2 protein chains.
Amino acid sequence: MKHTDKGHIFTEIVLEVFKLSGLLITEGDKITETNGLSSARWKILGALARSTTPLTVSQIARVMGQTRQAVQSLVNIMNKGGLLDFIDNPAHKRAKLVCFTTKSQQIYAKLDAEQIPWANQQSGHLDKTELQATLTILKKISRGLSYSD
Amino acid sequence: MKHTDKGHIFTEIVLEVFKLSGLLITEGDKITETNGLSSARWKILGALARSTTPLTVSQIARVMGQTRQAVQSLVNIMNKGGLLDFIDNPAHKRAKLVCFTTKSQQIYAKLDAEQIPWANQQSGHLDKTELQATLTILKKISRGLSYSD
DNA sequence: ATATAATTGACAACATATTGTCATATTGAC
DNA sequence: GTCAATATGACAATATGTTGTCAATTATAT
């Protein structure tokens, strides 16, 4: 069997996603390194910031496409470091809700102040319609895949 | 400062790339698990398969957007497991060229036989023009980012 | 040709992430 | 309401990946 035209492009996209993920982590580490953070920890804060309601560890993991164990580990470390708080979850005795602290709010705002001009600059020479199409396609691909846990 | 329209979409793409990368690794692990491989090792073979010339470890790392140390580690393990061979590189005394073995050729062919219908199926309901735009955009983003080593 | 810079393999320390397992909590079928 | 299935936190083992460093090799500038 051979790839269809679309199957071929799809495969190239998959490989490019892997590559880009590695490069973006490196880029994020550069931005966060002076704040005692890392890409992985910044992403946790980002998941919280983008949610309208507080999230549990499991919910964060699903938003991020990772296992709850990986997220739990980071969240616990960040909690010890004063970057995250747990508050009681009325809907679940064990699954607490994860929240920003004052400290992490400040750091996150600072990181945003660096990320925004970076994103604007990186996307400046890219076509808006193509960017929109890219986001649409990536989301559709994600939707068809299952979680590991 | 605020995100431009394009900067906003760009940021969403970045987060979706992280998520998708995690989901795709899980998917790849499912496909490879019966063959004593993993996503990470399959990607090494893929990088070699897609190149017209044999590659050094550093070259593989650059193609994959990872550090040479990470790739070196996997390549050494795979070499011990009979999945990769080193051959002398006329252009460099230490940097050997990495090659398939008969064993890895067979496994890779088998994985391809699973990946192809999967990619065709996953992309079946997606628009070809949008897929092409996605690949173009992702490659352009990669090009603007630097390697960690 | 020589000196300097960049590349590469090797090794170690550490960060990040998956898999497996267990006990506890919640959900859903009946 | 009961019971099975599912979801969750905790913990351990392992795989994957980055950073830092050193010595050896190659490339580059002069």
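All figures in this text were calculated on a predicted structure; none of them were measured in a lab. Within every chain, numbering begins at 1; the chains are lettered A, B, ... in the order of the sequence lines, protein sequences first and strands thereafter. In what follows, every heavy atom counts, from backbone to side chain, and hydrogens, waters and symmetry copies are set aside.
Counting only distance, with no hydrogens or angles, the side chain of B/Asp29 and the backbone of B/Ser39 share a donor-acceptor pair below 3.5 Å.
No donor-acceptor contact under 3.5 angstrom links the side chains of A/Thr136 and B/Glu130, judged on distance only. Neither side chain, A/Asp85 nor A/Thr101, offers a donor N or O lying under 3.5 Å from an acceptor on the other.
Between C/dT18 and A/Thr67, a contact under 4.0 Å exists linking OP1 or OP2 to a side-chain N or O. Not one side-chain nitrogen or oxygen of B/Ser58 sits closer than 4.0 Å to the OP1 or OP2 atom of C/dT7. For the OP1/OP2 pair of D/dT16 and a distance below 4.0 Å, the side-chain nitrogens and oxygens of B/Ser39 include no atom meeting the criterion. Contact between the side-chain N/O atoms of A/Lys43 and the OP1/OP2 oxygens of C/dA17 is found at a separation under 4.0 Å. Checking the phosphate oxygens (OP1, OP2) of D/dT8, no side-chain nitrogen or oxygen of A/Gln72 falls inside 4.0 Å.
Rounded to whole angstrom, the span from the CD atom of B/Gln66 across to the P atom of C/dA17 amounts to 13 Å. Between B/Arg68 atom CZ and D/dT18 atom P the separation is 12 Å, expressed in whole Å. Between A/Lys93 atom NZ and C/dT27 atom C1' there is a gap of 15 Å when expressed in whole angstrom units. The CG-C1' distance, from B/Asp29 to C/dA17, rounds to 11 Å in whole Å. Taking atom CE on A/Met78 and atom C1' on C/dT16, their separation rounds to 13 Å, with Å as the unit. Distance CG (B/Leu24) to P (C/dA17): 15 Å, rounded to an integer number of Å. Separating the CG atom of B/Leu83 from the P atom of D/dA15 is a distance of 14 Å, rounded to the nearest angstrom. If you measure from atom NE2 of A/His92 to atom P of D/dG9, you get 7 Å, rounded to the nearest angstrom.
Residue whose closest nucleotide on DNA chain D sits further toward the 5' end, between A/Thr56 and A/Thr26: A/Thr56. Nearer to the 5' terminus of DNA chain C, by closest-nucleotide assignment, is the contact made by B/Val57 (compared with the other of A/Pro90 and B/Val57). Comparing B/Leu74 and A/Lys96, the nucleotide of DNA chain D nearest to each residue sits closer to the 5' end for A/Lys96.
The side chain of A/Gln69 lies closest to D/dA10, out of C/dA17, C/dT8, D/dA10. Which of D/dA10, C/dT16, C/dG9 sits closest to the side chain of A/Arg41 comes down to C/dT16.
Counting heavy atoms from C-beta outward, A/Leu138 and B/Val17 have side chains that approach closer than 4.5 Å.
Contact of A/Arg94 with D/dT8 (side chain to base): a donor-acceptor pair of N or O atoms is detected under 3.5 Å.
Ring centroids of B/Trp42 and A/Phe18 are separated by 6.0 Å or more, keeping the two rings apart.
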